[in-house]
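The structure under discussion appears below in the form of structure tokens.
Chain letters run A, B, ... following the sequence lines, proteins first and then strands; every chain starts at 1. Since we're looking at a predicted model, the values are computed, not measured.
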Amino acid sequence: MSDVVAGGAKSMEELVSLCKRRGFIFPASEIYGGLNGFWDYGPLGAQLKKNLADRWWRDMTLTPPVRDGKPVSIVGVDSSIIQNPRVWEASGHVGGFSDPMVDCKESKQRYRADKIFLVGFFSLDQAKELYASLEDAVALLEKAPDASLEERAEIQRLFQTWRAEYSQRAANLGLPAIIVSEQGDSAEEAVAAAQRRLSKRQLKHLGVNFTPPGWAHPLVSAPEKWPRLSPATQTESLTAPRDFNLMFQTYVGATASEDDKAYLRPETAQGIFLNFANIVDTTRVRVPFGIAQIGKAFRNEVTPRNFIFRSREFEQMEMEFFCHKDEARGWLDFWVEERRRWWMGVGLSEANMIVRKHDDDELAHYAKAGAGTYDIEYRWPFTHPGFGELEGVAHRGNFDLSQHEQHSGKKIAYFDQERNERYLPDVIEPAAGLTRGVLALLCEAFTPDESRASKVVMKFHPSMAPIKAAVYPLVNKDGMPEVGEKLVGDLRRRFGHLGLIEYDAKQSIGKRYARMDEAGCPVCFTIDGQTLEDQTVTCRDRDTLAQERISLDRVVDWLGEKIGG
RNA sequence: GCGGGUGUAGCUCAGUGGUAGAGCGUCACGUUGCCAACGUGAAUGUCGACGGUUCGAAUCCGUUCACCCGCUCCA
């Protein structure tokens, strides 16, 4: 494997090009111009993805890792993509991220756009102009600086009454003397907070000695002329409002009313938590144990980027590991190292991976109380020489189970016989992107080689390679095709469940070898004249280009050793 | 979301208002027989899409879509 993927955009473009040329990955619905953030997997890509997913499923649920001499207990599930919409309220996906949000670029604060109010305070002169047609009000305003308590109350009352009526005129009046931005659940609340915020100097500037009323507008509907101030800094440091509902919506049933609204899952994890109680009740597992799932997830990303790295439909391999909270730290460390080594086992080089602990301020809502989140990051061509996320291992505490217990009203706590204690277990979650994993395998395998006819060779780990072997008669005659076809049959019976066995008798042998270099096939078996004499074939190694002769009846075992399985 | 760039055959690209092109790849036949060999032949395009200007648009204009790069975003 290459230490470092050739950096920068150039190699990424070449990789995308190769993926299309060789049938790994195509833009989705390409003949209609494609669709931003969606990709289709061709014959080789589908097999590569399947190989990676099968390996993960096997290493989680069938032959799980061993800790302290005992295999870890993990079972599999396959939950529905669409669940009761209340699931996403409990998980926190609907509440916090369904409304337009604005970010303050200076303070890094994020606000719901409908919870920010701009409160405009008009000077005494502006107010007089505004209320010119209202003699009572103007009369009171004339006295404002020396108004009695009763008169001040009356002024306040009049302003309150007429504020709505005159808001349009206020908008046309020009900028208020002072504009203050406040967060609040209502306009009244925001005005009160804004009044408290005004300094003595600002009050003096307004020309009155009592707190003047203001006009409060939600950020999104304030007059265009008013500056969009950040509550944190009171400067124009806000981004434009953005819709942060990352979930795809759909409707269950044919009537499509708002009551039938449902969501495509934005992560597979919740399907595991939803079935926690079912699995405890039916499978005799005991804490600590894990539940694993592979499946599609959907996020309406603001900006899909970097090929399949961030797409809107993607696949996850998530395992939720349930344990007592006292043991969570140990399991977190165990899974971080376990997962890092697993990725090396499928061909990623150690030099291209790092483990990075999340800073406190980037922890997800579900991980705030936990022992931390670690990212296993890969050195992608587009992050080179930096790294980007491949898999996250998070301590989610018992956030999810307790949320579902509260929202559903169902008891899902686990009774621990050994500890004689009922509790909601903590969760350690190794959550990997399957499609990101495929991209990592592609990036790792991509190896430019000017000395080869193909100019590039895909050095997949043999266990991951979509094409396991190719069988090539040197020429398409003299009995060689017959020998080749029989060998292909033998190999497919033995390895067909692991990957493709290629057969081709056309064109020059060099051209066929070159195609297999681009496809990442680890070995080619060539039937030649000597085969007919002594029953041996040539094994052509993809990485070293070395050729060795082995006996025809040893080919199946020989390949088995090479690709594993 | 903002700014910049790109879009012509499967791939890489040429083509600045007048018949749609090249190389590579693909396919067939022949020859050769261990690394994209050679010869002959063949297939393949709404020139990303839509609209406009024009006698005439791949080419000029507008809109839009997709991809790439930089910001932004990435629970």
Should A/Asn306 be listed as having a side-chain N or O under 4.0 Å from OP1 or OP2 of B/rC74?
no
Six-ring centre of A/Trp342, A/Arg339 cation under 6.0 angstrom, axis tolerance 45°
yes
Could you work out the separation of B/rG21 and B/rA42 based on their P atoms and round it to a whole Å?
15 Å
Expressed as a whole number of Å, how far does the C1' atom of B/rU54 sit from that of B/rC61?
12 Å
On a whole-Å scale, what distance lies between the P atoms belonging to B/rG48 and B/rC11?
13 Å
If you assign A/Gly34 and A/Asp528 each to the RNA chain B nucleotide with the nearest heavy atom, which residue ends up on the more 5' nucleotide?
A/Asp528
Measure up the A/His404 and A/Phe273 rings against each other and bin them: parallel (under 30°), tilted (30 to 60°), perpendicular (over 60°).
tilted
Look at A/Glu267 together with A/Arg396 and state whether they make a salt bridge at an N to O cut-off of under 4.0 Å.
yes
Carboxylate-amine/guanidinium proximity below 4.0 Å for A/Lys410 and A/Glu405
no
With both distances kept under 3.5 Å, what pairs with B/rG3, Watson-Crick or G-U wobble?
B/rC69
Rounding to an integer number of Å, can you tell me how far A/Met480 CE sits from B/rU32 P?
13 Å
Pairing residues for A/Phe307 by the ring-ring contact (aromatic ring centres under 6.0 Å, His included) criterion, not counting sequence neighbours
A/Trp39
Parallel, tilted or perpendicular, judged at 30° and 60°: which one describes the rings of A/Trp380 and A/Phe309?
perpendicular
Within the structure shown, what part of the strands sits under 4.0 Å from A/Arg452 by heavy-atom distance: base, sugar-phosphate, or nothing?
nothing
Short of 4.0 Å, heavy atom to strand atom, which residues of residues 466-477 of chain A count as contacting RNA chain B?
A/Leu474, A/Val475, A/Lys477
B/rC35 to B/rC74 separation - C1' atoms, rounded to the nearest Å
45 Å
Separation of A/Glu429 atom CD from B/rA75 atom P, in whole Å?
13 Å
Just checking A/Gly388: base, sugar-phosphate only, or nothing, at a heavy-atom cut-off of under 4.0 Å?
nothing
Please collect all salt bridge (charged side-chain N to carboxylate O under 4.0 Å, His left out) contacts where either partner lies in residues 522-531 of chain A, sequence neighbours excluded, each pair once.
A/Asp528-A/Arg549
P-based separation of B/rC73 from B/rG45 [nearest Å]
45 Å
Check the distance between B/rC68's P and A/Phe382's CZ and give it to me in whole angstrom.
10 Å
With heavy atoms under 4.0 Å as the rule, sort A/Leu545 into base, sugar-phosphate or nothing.
base
Would you mind telling me which of B/rC35, B/rA75, B/rC67 lies closest to the side-chain atoms of A/Asn36?
B/rC67
B/rG30: pairing nucleotide in any strand, Watson-Crick or G-U under 3.5 angstrom
B/rC38
Got a sec, which residues hit side-chain hydrogen bond (donor to acceptor under 3.5 Å, both in side chains) with A/Asp557, two or more places apart in sequence or on another chain?
none
Tell me what A/Pro266 touches on the nucleic acid: a base, only sugar-phosphate, or nothing, going by heavy atoms under 4.0 Å.
base
Describe the nucleic acid contact of A/Glu518 in one word from base, sugar-phosphate, nothing, applying a heavy-atom distance below 4.0 Å.
base
Provide the distance between the two P atoms, one in B/rA20 and one in B/rC69, to the nearest whole Å.
35 Å
Verify whether one side chain among A/Glu315 and A/Thr435 offers a donor that lies under 3.5 Å from an acceptor in the other.
no
A/Ser551 meets the side-chain hydrogen bond (donor to acceptor under 3.5 Å, both in side chains) criterion, sequence neighbours left out, with A/Asp553
Rounded interatomic separation in angstrom, taking CD from A/Glu14 and P from B/rC24
20 Å
Of A/Phe314 and A/Ala546, the one whose nearest nucleotide on RNA chain B sits closer to the 5' end is A/Ala546
So what does A/Gln547 hit on the nucleic acid, given a heavy-atom distance under 4.0 Å: a base, only sugar-phosphate, or nothing?
base
A/Ser508: what forms a side-chain hydrogen bond (donor to acceptor under 3.5 Å, both in side chains) with it, not counting sequence neighbours?
none
Could you please name the partner base of B/rU59, counting Watson-Crick and G-U wobble pairs only when both distances are under 3.5 Å?
none
Sugar-phosphate, base or nothing in reach of A/Asp517, heavy atoms under 4.0 Å
nothing
Closest to the A/Ala453 side chain: B/rA75, B/rG1, B/rA36?
B/rA36
Give a yes or no on whether a salt bridge exists between A/Asp504 and A/Arg515, defined as a side-chain N under 4.0 angstrom from a carboxylate O.
yes
Kindly point out which of B/rC35, B/rA66, B/rC27 is positioned nearest to the side chain of A/Arg515?
B/rC27
Kindly give the atom pairs (protein nitrogen or oxygen, nucleotide nitrogen or oxygen) under 3.5 Å for nucleotides 39-42 of chain B.
none

Which of these passes salt bridge (charged side-chain N to carboxylate O under 4.0 Å, His left out) with A/Glu313: A/Arg299, A/Lys296, A/Arg265?
A/Lys296
Quick one: list whatever passes side-chain hydrogen bond (donor to acceptor under 3.5 Å, both in side chains) with A/Thr544, sequence neighbours left out.
A/Asp541
By ring-ring contact (aromatic ring centres under 6.0 Å, His included), A/Tyr374 pairs with (sequence neighbours left out) none
A/Ser17 side-chain N/O to A/Glu13 backbone N/O, donor-acceptor pair under 3.5 Å:
no
Whom does B/rA22 pair with, Watson-Crick or G-U wobble, provided both distances fall under 3.5 Å?
B/rU12
Report the distance from atom OH of A/Tyr263 to atom P of B/rA75, rounded to the nearest whole Å.
19 Å
Take atom CD of A/Glu389 and atom C1' of B/rC73, then tell me their distance rounded to the nearest Å.
14 Å
B/rG45 pairs with, by Watson-Crick or G-U criteria that keep both distances under 3.5 Å:
none
Distance-only donor-acceptor test, A/Arg305 side-chain atoms vs B/rC73 base atoms, 3.5 Å
no
All N/O pairs under 3.5 Å across the protein-nucleotides 7-12 of chain B interface:
residue: B/rC11; atom: OP1; partner: A/Lys20; partner atom: NZ; Å: 2.7
residue: B/rC11; atom: O3'; partner: A/Ser17; partner atom: OG; Å: 3.3

Which residue pairs pass the side chain to side chain donor-acceptor pair (under 3.5 Å) test with at least one member in residues 462-477 of chain A, sequence neighbours excluded?
A/Arg55-A/Ser463, A/His461-A/Ser463
NA contact type, A/Arg312, heavy-atom cut-off 4.0 Å: base, sugar-phosphate, or nothing?
nothing
Provide the distance between the two P atoms, one in B/rC27 and one in B/rU64, to the nearest whole Å.
42 Å
B/rA75 and B/rA36: how far apart are their P atoms, nearest whole angstrom?
48 Å
I need the residues from residues 500-513 of chain A with at least one non-hydrogen atom less than 4.0 Å from RNA chain B; give them sorted by number, or say none.
A/Lys506, A/Gln507, A/Ser508, A/Ile509, A/Gly510, A/Lys511, A/Tyr513
